[in-house]
Amino acid sequence: MKDMYVSDSVAYVGVDDTTLDLFESQYKIPYGVSYNSYIIFDEKIAIMDTVDPRGTDAWLENVRLALNGRKPDYLVIQHLEPDHSGSIRRFVEEYPEVTLVGNQKTFPMVEQFFGIKKAFSSVKTFTVAEGSTLSLGNHTLQFFMAPFVHWPEVMVTYEQTEKFLFSADGFGTFGALSSDIDWITEARRYYINIVGKYGSQVQSLLKKASGLSIAAILPLHGPVLKENLGYYIDKYLTWSSYTPEEEGVVIAYASLHGNTAKAAHHFEELLRQKGMQNVAVFDLNRDDMSKAVECAYRYDRLVLVSVTYDASLFPAMEDFLYHLKIKNFQNRRVGYIQNGTWAPAAARFMKAHVAEMKNITEVEPVVTIRSALDDTSLADLEALASAML
């Protein structure tokens, strides 16, 4: 356990999960995910969160090894989502004298999930509020509420002595700690797809954090962040304000028999010929939806390309636009390419979805293809490519 110490007084006791295929039963995680948990050693011992039930046995063994015969005094529950709270009941069974620390919204959820008080009538709880503190001896925990980042009961914890911010799901990533991942890609994909809807709430939390001197950020997924913290905070400021990170174009297409796909790739080549360096193309029927959504947030322009299907949109395009809407997609330029053999109508339906998004600038012309590219649609693609620059 020695190499898992964050500092002389703070140990990492989390676990990796490299066998789960879908996070939240929807997001592909080829590099796995970590369930992070920490122990703060002092006159009193506090454990920061538990782990998913998939990792309970390994986590409890890590805790036993780190405690080395000592008993924990507190279990701080920052977030009740099961990938962080799923081992609470087993933990209380093993350490029945522990005091559970949470806020007023924490404990009703604890009961809903685990029925702790019914099973353990003597269990002790300690309720904290915004800015309140808990002394462990030389270490003092200060609690800040972070509602809807991304559940209503979420709070983060600032350790005043070592200046550590235990950030709950904030600053988390997909990817097991044992994997070699690119932090920015997996952190962006995690943020946009998990927390992206709640930009204003994240901004509120960042405002609170701006008043703290922070030496390290300890999230519930992904690596502990100790250096260049301004970089990570700046990314969160960008993502939570729905501001594009870079100039670039995402081409998201839904094709039935291949002609719409040909149009999308031809459009990609037109953009590259005109000097656009950042162009990302996604086949919405086959590519990872979470990556398409992530990239749409990364770049400042989006082109939607869809075949007409049952007098509406092809299902993959409908799904993509649904994901953008629920994650509050906004502040972008959007163009449209539609295909239809006898009654092309996809653009109308795509526009109806986009009309529900904020601060979208629609780019003309709308390109209409009738079955396959011809001289007219090729000229229109050329015009749209110029207009997207």
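Computed from heavy atoms alone, side chains included, the values below leave out hydrogens, waters and symmetry copies.
Ser377 and Asp380 form no side-chain donor-acceptor contact under 3.5 Å, judged by distance and modelled atom types alone. In summary, the side chains of Thr161 and Asn138 do not present any donor paired with an acceptor at a separation below 3.5 Å, with no hydrogens or angles considered. Between Asn36 and His84, the side chains place no donor N or O within less than 3.5 Å of an acceptor N or O (distance only, hydrogens not considered). Under the 3.5 Å distance criterion, with hydrogens and angles disregarded, a donor-acceptor pair is assigned to the side chains of Glu153 and His79. Checking Gln142 against Thr133 by side-chain atom types alone, no donor-acceptor pair falls below 3.5 Å. Under 3.5 Å, the side chains of Glu318 and His353 contain a donor-acceptor pair of N or O atoms. A donor and an acceptor atom, one from each side chain of Gln78 and Thr157, are located under 3.5 Å apart. Under 3.5 Å, the side chains of His150 and Glu81 contain a donor-acceptor pair of N or O atoms. Side-chain polar atoms of Ser290 and Lys28 form no donor-acceptor pair below 3.5 angstrom. Between Trp183 and Thr173, the side chains place no donor N or O within less than 3.5 Å of an acceptor N or O (distance only, hydrogens not considered).
Using a cut-off of 4.0 Å between Lys/Arg side-chain N and Asp/Glu carboxylate O, Glu362 and Arg333 are scored as not salt-bridged. A salt bridge does not link Lys117 with Glu111: every distance from a Lys NZ or Arg NE/NH1/NH2 to an Asp or Glu carboxylate oxygen is 4.0 Å or more. Between Lys274 and Glu382, at least one side-chain N (NZ, or NE/NH1/NH2) sits under 4.0 Å from a carboxylate O, which counts as a salt bridge. Taking the charged nitrogens against the carboxylate oxygens, Arg54 and Asp83 have no contact shorter than 4.0 Å, which rules out a salt bridge. Using a 4.0 Å cut-off between a side-chain N of Lys or Arg and a carboxylate O of Asp or Glu, Glu245 and Arg298 do not qualify as a salt bridge. Look at Lys291 and Glu294 and you find no salt bridge, because none of the NZ, NE, NH1 or NH2 atoms lies under 4.0 Å from a carboxylate O. A salt bridge is defined here as a Lys NZ or Arg NE, NH1 or NH2 lying under 4.0 Å from an Asp or Glu carboxylate O, and Lys124 with Glu97 fails to meet this definition. Under 4.0 Å is where a charged nitrogen must lie from a carboxylate oxygen, and between Lys163 and Glu159 no such pair does.
Tracing side-chain contacts under 4.5 Å through hydrophobic residues (I, L, V, M, F, W, Y), one never reaches Ile251 starting from Leu256; they form parts of separate clusters. Cluster membership for Ile217 and Tyr5, using ILVMFWY side-chain heavy atoms within less than 4.5 angstrom, is shared. Residues Ile326 and Trp151 are members of separate hydrophobic clusters, defined by side-chain heavy-atom contacts under 4.5 angstrom among Ile, Leu, Val, Met, Phe, Trp and Tyr. Note on Tyr336 and Val307: separate hydrophobic clusters, where clusters join Ile, Leu, Val, Met, Phe, Trp and Tyr whose side-chain heavy atoms are under 4.5 Å apart, directly or indirectly. In the hydrophobic clustering of ILVMFWY residues, with side-chain heavy atoms under 4.5 Å counting as a link, Val293 and Val33 come out together.
Checked against the 6.0 Å centroid threshold, Phe329 and Tyr297 count as a close aromatic pair. In this structure, His221 has its ring center closer than 6.0 angstrom to the ring center of Phe23. Taking the six-membered ring for Trp and the full ring otherwise, the centers of Tyr191 and Tyr236 sit less than 6.0 Å from each other. Taking the centre of each ring, Phe174 and Tyr190 come in below the 6.0 Å mark.
Within 6.0 Å of the CG atom in Asp180, the count of heavy atoms belonging to other residues, nucleotides or ligands does not exceed 12. Around the CD atom of Glu24, the shell of radius 6.0 Å holds more than 12 heavy atoms that belong to other residues, nucleotides or ligands. Around atom NZ of Lys262, no more than 12 heavy atoms belonging to other residues, nucleotides or ligands sit under 6.0 Å away. Around the OH atom of Tyr31, the shell of radius 6.0 Å holds no more than 12 heavy atoms that belong to other residues, nucleotides or ligands.
Here the closest heavy-atom approach between residue Lys105 and residue Pro152 is recorded as CD-O, 3.5 Å. Contact between Trp59 and Val15 at its shortest, heavy atoms only, is N-CG1, 3.6 Å. Listed here is the closest heavy atom pair of Thr127 and Asn103: CG2-C, 3.9 Å. For the residue pair Asp52 and Ser87, the shortest heavy atom distance occurs at O-OG, 3.8 Å. When all heavy atoms of Phe113 and Pro82 are compared, the closest pair comes out as CE2-CG, 3.8 Å. Here the closest heavy-atom approach between residue Phe320 and residue Ala296 is recorded as CZ-CB, 4.3 Å.
For the atom pair Ile369 CD1 and Ser371 OG, the distance stands at 10.0 Å (nearest 0.5 Å). The CZ atom of Arg70 sits 10.0 Å away from atom CD1 of Ile39, with the distance rounded to the nearest 0.5 Å. The CG atom of Leu237 lies 9.5 Å from the OG1 atom of Thr243; values are rounded to the nearest 0.5 Å. Between Phe91 atom CZ and Asp49 atom CG the span is 11.0 Å, to the nearest 0.5 Å. If you take CG on Leu218 and CD1 on Ile40, they are separated by 8.5 Å, rounding to the nearest 0.5 Å. Here the straight-line distance linking atom CG of Leu80 with atom CD1 of Ile88 works out to 5.5 Å at 0.5 Å rounding.
Taking the side chain as every heavy atom from C-beta outward, Val249 and Asn278 never approach each other to under 4.5 Å. Side-chain contact check for Leu321 versus Met357: some heavy-atom pair is nearer than 4.5 Å.
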How far apart are the C-alpha atoms of Leu75 and Thr99, what are their side-chain angles, what is the distance that settles it, and do they pass the side chain to side chain contact (heavy atoms under 4.5 Å, CB included) test?
CA-CA 6 Å; Leu75 172 63; Thr99 296; over 6 Å; no
Determine, step by step, whether Phe282 and Tyr253 satisfy the ring-ring contact (aromatic ring centres under 6.0 Å, His included) criterion, reporting the C-alpha distance in whole Å, the side-chain angles of both residues, the deciding distance to 0.1 Å, and the verdict.
CA-CA 6 Å; Phe282 291 93; Tyr253 73 85; 9.5 Å; no
Please assess Leu141 against Val76 for the test side chain to side chain contact (heavy atoms under 4.5 Å, CB included), listing each intermediate value before the final yes or no.
CA-CA 10 Å; Leu141 305 182; Val76 178; 4.1 Å; yes
I'd like to know whether Asp16 forms a side chain to side chain donor-acceptor pair (under 3.5 Å) with Ser34, so could you lay out the CA-CA distance, the side-chain angles of the two residues, the decisive distance to 0.1 Å, and finally the verdict.
CA-CA 4 Å; Asp16 276 352; Ser34 67; 4.7 Å; no
Tell me, with the steps shown, if Asn328 and Tyr242 meet side chain to side chain contact (heavy atoms under 4.5 Å, CB included).
CA-CA 8 Å; Asn328 277 334; Tyr242 304 100; 3.5 Å; yes
Quick one: do Phe148 and Tyr198 satisfy ring-ring contact (aromatic ring centres under 6.0 Å, His included)? Show the steps, please.
CA-CA 7 Å; Phe148 290 102; Tyr198 304 105; 5.8 Å; yes
Assess whether side chain to side chain donor-acceptor pair (under 3.5 Å) is satisfied between Ser7 and Ser9, documenting all intermediate values.
CA-CA 5 Å; Ser7 72; Ser9 302; 5.0 Å; no
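Checking Ile47, Thr125, Thr106 one by one against Ile77, the side chain to side chain contact (heavy atoms under 4.5 Å, CB included) holds for a single residue, Thr106.
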